[in-house]
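Take a look at the structure set out below.
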2 protein chains.
Amino acid sequence: MYEELKYWYLRDHKLFWTLSMSQIKQLCIIVGFRKANKGDVIYFSHSEVPRIFLLKQGNIKIVSIDEEGNETIKEILKKGDLFGELALERDTDVNEYAKALTDEVSICSFLMSDFEDLLIKNPTLALSYTKFVGLKMKRFKNNYSNLVSKDAKTRLITFLKDWAEKEGIQEGNKYTIDNYLTQTDIAQIICTSRQTATLLLNELEEKNLIFYSRKKIIIDDVKKL
Amino acid sequence: MYEELKYWYLRDHKLFWTLSMSQIKQLCIIVGFRKANKGDVIYFSHSEVPRIFLLKQGNIKIVSIDEEGNETIKEILKKGDLFGELALERDTDVNEYAKALTDEVSICSFLMSDFEDLLIKNPTLALSYTKFVGLKMKRFKNNYSNLVSKDAKTRLITFLKDWAEKEGIQEGNKYTIDNYLTQTDIAQIICTSRQTATLLLNELEEKNLIFYSRKKIIIDDVKKL
DNA sequence: ATGAATATGTCGGTTAGTTTACAATTATAA
DNA sequence: TTATAATTGTAAACTAACCGACATATTCAT
């Protein structure tokens, strides 16, 4: 890949904003690059060498499988998000894979060890990165709390609001979301069965709180939700 | 507090092992110190200035309260553990407090901003710290998975095993744990009702898999559990 | 265009775990 | 020591959500 391109690939990630051009040049350690289409599975947790991945385009879900074969959706990632060995510690216990939710997914990657070297050289970047990991930790903590103390309906509504806020197109209190998830996906995200998710979505639609289709979700008034 | 003492306070935390004496001297930024006894509540999330705390002695639980007043136990901490603004980002949303589970709890603290300065100066420490936060994130991720896919009984057994491994006195496959938790605590940790926890603990005891008392828990054979 | 595959809709039966309620036991403080 | 508070034990009614089963609708590949 051209050096210039590599530069811009990292440049537009928040984490690297504080770095100068030359610093990023050092970071031009991208060693992998791949594309995928909807439904494609991208294994990464058992890759030969630990890596960090950057999702350049499209949406993917990170799914983890435990010993008994239970699949949990850990995260839904969008353009610009990082995944892989973010904790900078090889982890052979977890078994995760990514699945493309949209077409034209593109992902680049660099080696965890290269990234570590870079962090050692750039304390400011190291600090930003720590905060970034800390934020991710907080999100998991929060998901956990929701699961403990909120029922499925509340979790669905919380999820829809978050989704709208992150990716929806806003017009006053109205949000239009480009829906790349199936109801099964949504069910897994909010940790309920597909049937319950279907039921709840239809219930929200009946009350005219949302409009649901396979392509779009429209929230008429977030405040009413 | 004497400088020397401050030094040793930090010195025996894993995170600071890699630092030299002089580096730690710089870190001697401990500005707070307090003691507590069983049952005492220590508020920290809304302290005037964001801090990081180090539990020097005793055991505490970190409890968070949401808008509706639901209390969730986020963590049980033991000697040597850090808590507070670990994500290095002030967070006014979460409302957490610590509660002493044992007598003779002692806690020291330093300012988040001082710690940040130190990380900037010590890239190696920054990297260790990032890994430390990453590890914490993984633990939350793991808790979450357990909650999603395992029933209360499995969660209890997993918890007991973890606890035994971390703090129990081992003799072959037998573990003796100093029990500073009530059944209500255990219930909250594994996210179930107190009654269910009681039921399950008694069930395990009837099957002679554990011996339970308010002071001690003995696991006769971890492999059978 | 057509059949196969995937996604959504709907319905009871089942169940793990909650909730309420109260009794018994153990710890704590006066 | 004794009263009071906290913890543990137990049971029945209740419920949110799961699960299996099947129908319908939509998408995709050939």
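All heavy atoms count here, side chains included; hydrogens, waters and symmetry mates do not. What you see is a predicted model; the values in this text were computed from it and never measured. Naming: A, B, ... by sequence-line order, numbering from 1 per chain.
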Donor-acceptor pair, side chain of [X] and main chain of [Y], under 3.5 angstrom:
X         : Y         : answer
Thr72(B)  : Lys74(B)  : no
Thr192(B) : Gln188(B) : no
Glu89(B)  : Lys131(A) : no

Classify the ring geometry of Tyr43(A) against Tyr97(A): parallel below 30°, tilted from 30° to 60°, perpendicular beyond 60°. tilted
For the pair Phe53(A) and Phe83(A), name the ring-plane relationship: parallel under 30°, tilted 30 to 60°, perpendicular over 60°. parallel
Quick one: pull up CG in Asn179(A) and CZ in Arg214(A) and give me the separation to the nearest 0.5 Å.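 Those atoms lie 10.0 Å apart.
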Cationic N near anionic O, under 4.0 Å, [X] to [Y]:
X         : Y         : value
Lys61(B)  : Asp185(B) : yes
Glu104(A) : Lys38(A)  : no
Glu203(B) : Lys207(B) : yes
Glu75(B)  : Lys136(B) : yes

What is the separation between atom [atom1] on [X] and atom [atom2] on [N], rounded to the nearest whole Å?
X         : N       : atom1 : atom2 : value
Gln188(A) : dT8(C)  : CD    : C1'   : 16 Å
Leu147(A) : dC18(D) : CG    : P     : 10 Å
Asp151(A) : dT19(C) : CG    : P     : 12 Å
Tyr212(B) : dT8(D)  : OH    : C1'   : 8 Å
Ile186(A) : dA7(C)  : CD1   : P     : 12 Å
Asp40(B)  : dT28(C) : CG    : C1'   : 15 Å
Gln183(B) : dT25(C) : CD    : P     : 15 Å

Expected output is a numbered-order residue list: members of residues 192-209 of chain A with a heavy atom under 4.0 Å from any atom of DNA chain C. What is it? Arg194(A), Gln195(A), Thr198(A), Asn202(A)
With each end axis built from five pairs of C1' atoms, what bend angle do you get for the helix from dA1(C)-dT30(D) to dA30(C)-dT1(D)? Round to 10°. 50°
Minimum heavy-atom distance Asp178(A)-Trp163(A), with the two atoms named: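 Nearest pair, atom of Asp178(A) first, then Trp163(A): O-CZ2, 3.8 Å.
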Can you tabulate the close N/O pairs, meaning under 3.5 Å, that link protein atoms to atoms of nucleotides 23-30 of chain D?
none

